[in-house]
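Heads up: the structure comes next, in structure tokens.
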Amino acid sequence: KALRPKQGAGQKIIFGFEGDYKDVKIELLDNAPEDFEHRITKDIKTDTLYYWYKPKLALDSTRFVVKNKTYIDTLKYKFKDMKIDSLIIKASPSGVIQYSQDFQLQANIPFTNIDTKQITILNKDSLNVPFSTTFEAFENGYMFKFDKKEADVYKIQMLPNAFEDFFGNTNDTLRYTLKTNQKSEYGNIRVRLINAKFPLIVQLVDDKGNVMYERYTTESPVVDFNDLLPKQYYLRAIFDSNGNKTYDPGNFLMQRQPERVSYAQDIDAVRANFDFVIDFTLKD
């Protein structure tokens with residue numbers, strides 16, 4: 001279900017949305033100029049979609065069709081004269097980066113281009129660290145993947161014009177410093193899956209159900225979680241019946257049952273410099 005749209009900033013419209021947003025399409029019903037472009041991104045914390053467009057439209061109001069696989073609605077919208085946002089780029093993590101973690105940049109305006117020649121990562125010996133990038137368009141985030149060594153320091157520099165956004169804005173110089181901890185500060189878990197039916201998504205979650213670590217297996221009944229932050233985790237496995245490597249909830253209209261989830265009994269808290277072996281019997 002889509003909620004009534006409202007203005008967020010210049011050429012940015014906010015659509016509240018309830019339900020599965022991954023297949024959402026938002027279409028402008030009025031005639032648009034030939035050079036009209038739009039992008040849709042999702043707020044990282046809330047069920048909110050942002051509809052970005054250019055150029056500015058000479059309209060007082062319009063209608064949008066919002067639809068996904070099971071839903072369609074027409075919504076009216078009245079334009080307001082507001083300034084376009086300035087580009088703000090946020091990085092995570094800060095300080096310490098985990099061995100399995102990627103460095104991530106997200107912006108308040110959709111990214112449209114990256115020039116990796118303007119980006120360097122140096123370790124504590126001032127040697128270049130090779131990296132690769134992936135882009136998540138819907139979340140509007142760049143992920144930086146690079147190999148990390150024990151107790152190392154990584155200085156990341158991004159020169160002007162490394163990034164360009166939807167409205168042609170570019171970044172100033174960005175600098176970040178990250179470090180890794182000693183391996184002895186982490187713990188490891190080996191999970192032995194009993195009665196496994198593949199493929200499976202095996203997850204360690206916190207007490208609120210947030211996924212902290214995840215592994216995917218199509219044949220091996222043994223799954224390793226290495227370099228874990230010491231804390232209490234909970235273990236679960238998702239029977240990935242359609243093999244798409246993600247949990248699929250049920251859908252009443254499509255008469256689809258949710259994928260089955262099996263939970264392990266409570267496990268011991270992970271301790272630093274300690275290896276755990278857990279037998280996880282999956283229930284039918």
Side-chain angles (χ1 to χ4, degrees), residues 1-92 104-114 133-143 163-171 208-211 244 246-256 258:
K1 178 182 178 180
L3 306 180
R4 183 178 178 181
K6 59 183 180 179
Q7 189 96 15
Q11 295 166 233
K12 172 188 176 183
I13 303 172
I14 299 174
F15 288 82
F17 200 85
E18 298 175 357
D20 188 359
Y21 57 84
K22 296 179 182 178
D23 299 311
V24 171
K25 293 183 179 180
I26 302 175
E27 299 176 0
L28 181 72
L29 284 184
D30 283 286
N31 292 330
E34 291 184 0
D35 59 347
F36 183 79
E37 297 180 49
H38 79 279
R39 279 275 305 275
I40 299 173
T41 60
K42 184 186 180 299
D43 187 271
I44 59 175
K45 295 182 179 179
T46 65
D47 290 333
T48 300
L49 300 177
Y50 300 122
Y51 182 94
W52 308 84
Y53 66 92
K54 64 180 181 181
K56 185 177 180 179
L57 297 174
L59 297 171
D60 292 327
S61 63
T62 189
R63 291 175 300 156
F64 288 95
V65 172
V66 182
K67 59 184 176 181
N68 64 9
K69 293 180 179 179
T70 61
Y71 169 88
I72 185 169
D73 197 4
T74 301
L75 302 174
K76 294 181 179 180
Y77 176 75
K78 186 179 174 88
F79 289 94
K80 295 181 180 179
D81 189 16
M82 299 177 68
K83 291 183 179 180
I84 293 175
D85 287 334
S86 298
L87 177 63
I88 300 173
I89 296 175
K90 295 184 178 181
S92 64
Q104 181 176 359
L105 289 183
Q106 287 187 306
N108 62 326
I109 301 172
F111 286 118
T112 56
N113 189 53
I114 181 173
T133 63
T134 57
F135 181 59
E136 298 291 341
F138 211 51
E139 290 76 16
N140 193 39
Y142 278 106
M143 311 293 287
F163 301 97
E164 183 176 349
D165 73 16
F166 185 70
F167 298 119
N169 302 310
T170 57
N171 64 289
K208 296 181 180 179
N210 299 313
V211 178
N244 67 350
T246 188
Y247 171 71
D248 292 296
N251 188 300
F252 176 77
L253 295 178
M254 298 180 69
Q255 297 183 339
R256 183 181 67 203

Are [X] and [Y] close enough that some pair of their side-chain heavy atoms sits under 4.5 Å apart?
{"X": "Ile109", "Y": "Ser86", "answer": "no"}
{"X": "Phe15", "Y": "Thr48", "answer": "no"}
{"X": "Ile26", "Y": "Ile13", "answer": "no"}
{"X": "Glu37", "Y": "Phe166", "answer": "yes"}
{"X": "Thr170", "Y": "Glu164", "answer": "yes"}
{"X": "Phe138", "Y": "Leu49", "answer": "yes"}

Testing the basics here: between [X] and [Y], what is the closest heavy-atom pair and its distance to 0.1 Å?
{"X": "Gly141", "Y": "Phe135", "value": "O-CD1, 3.3 Å"}
{"X": "Asn140", "Y": "Pro110", "value": "OD1-CA, 3.3 Å"}
{"X": "Glu139", "Y": "Gln106", "value": "O-NE2, 3.1 Å"}
{"X": "Phe36", "Y": "Pro55", "value": "CA-CD, 4.0 Å"}
{"X": "Gly8", "Y": "Ile14", "value": "CA-CD1, 3.6 Å"}
{"X": "Asn108", "Y": "Asp85", "value": "ND2-CB, 3.8 Å"}

Qualifying residues under side-chain hydrogen bond (donor to acceptor under 3.5 Å, both in side chains), relative to Asp60, sequence neighbours excluded: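 side-chain hydrogen bond (donor to acceptor under 3.5 Å, both in side chains) list for Asp60, sorted by chain: empty.
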Lys NZ or Arg CZ of Lys12 over Tyr50 ring: under 6.0 Å, within 45°: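 That pair qualifies as a cation-pi contact.
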Find the distance between [atom1] ([X]) and [atom2] ([Y]) and round it off to the nearest 0.5 Å.
{"X": "Lys67", "Y": "Asp73", "atom1": "NZ", "atom2": "CG", "answer": "12.5 Å"}
{"X": "Ile84", "Y": "Gln11", "atom1": "CD1", "atom2": "CD", "answer": "4.0 Å"}
{"X": "Lys90", "Y": "Gln104", "atom1": "NZ", "atom2": "CD", "answer": "12.5 Å"}

Exceeds 12 heavy-atom contacts within 6.0 angstrom, atom CG of Asn210: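 Buried by this count: over 12 neighbours within 6.0 Å.
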Whether Tyr53 and Tyr51 hold their rings parallel, tilted or perpendicular, with breakpoints at 30° and 60°: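 Tilted: the ring planes of Tyr53 and Tyr51 meet at 30° to 60°.
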Not counting sequence neighbours, which residues clear side-chain contact (heavy atoms from CB on, under 4.5 Å) with [X]? List them please.
{"X": "Thr134", "result": "Met143, Lys145"}
{"X": "Asp30", "result": "Leu59, Thr62"}
{"X": "Lys45", "result": "Asp43"}
{"X": "Ile114", "result": "Thr116, Ile119, Thr133, Tyr142, Phe144, Phe163"}

Asp165 with Arg39: basic N within carboxylate O range, under 4.0 Å: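 Looking at Asp165 and Arg39, the cut-off is not met.
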Residues which pass ring pair (Phe, Tyr, Trp, His ring centres under 6.0 Å) with Phe167, listed by chain and number, not counting sequence neighbours: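 Here no residue qualifies.
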Heavy-atom donor-acceptor pair, Asp47 side chain to Gly16 backbone, under 3.5 Å: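 Absent.
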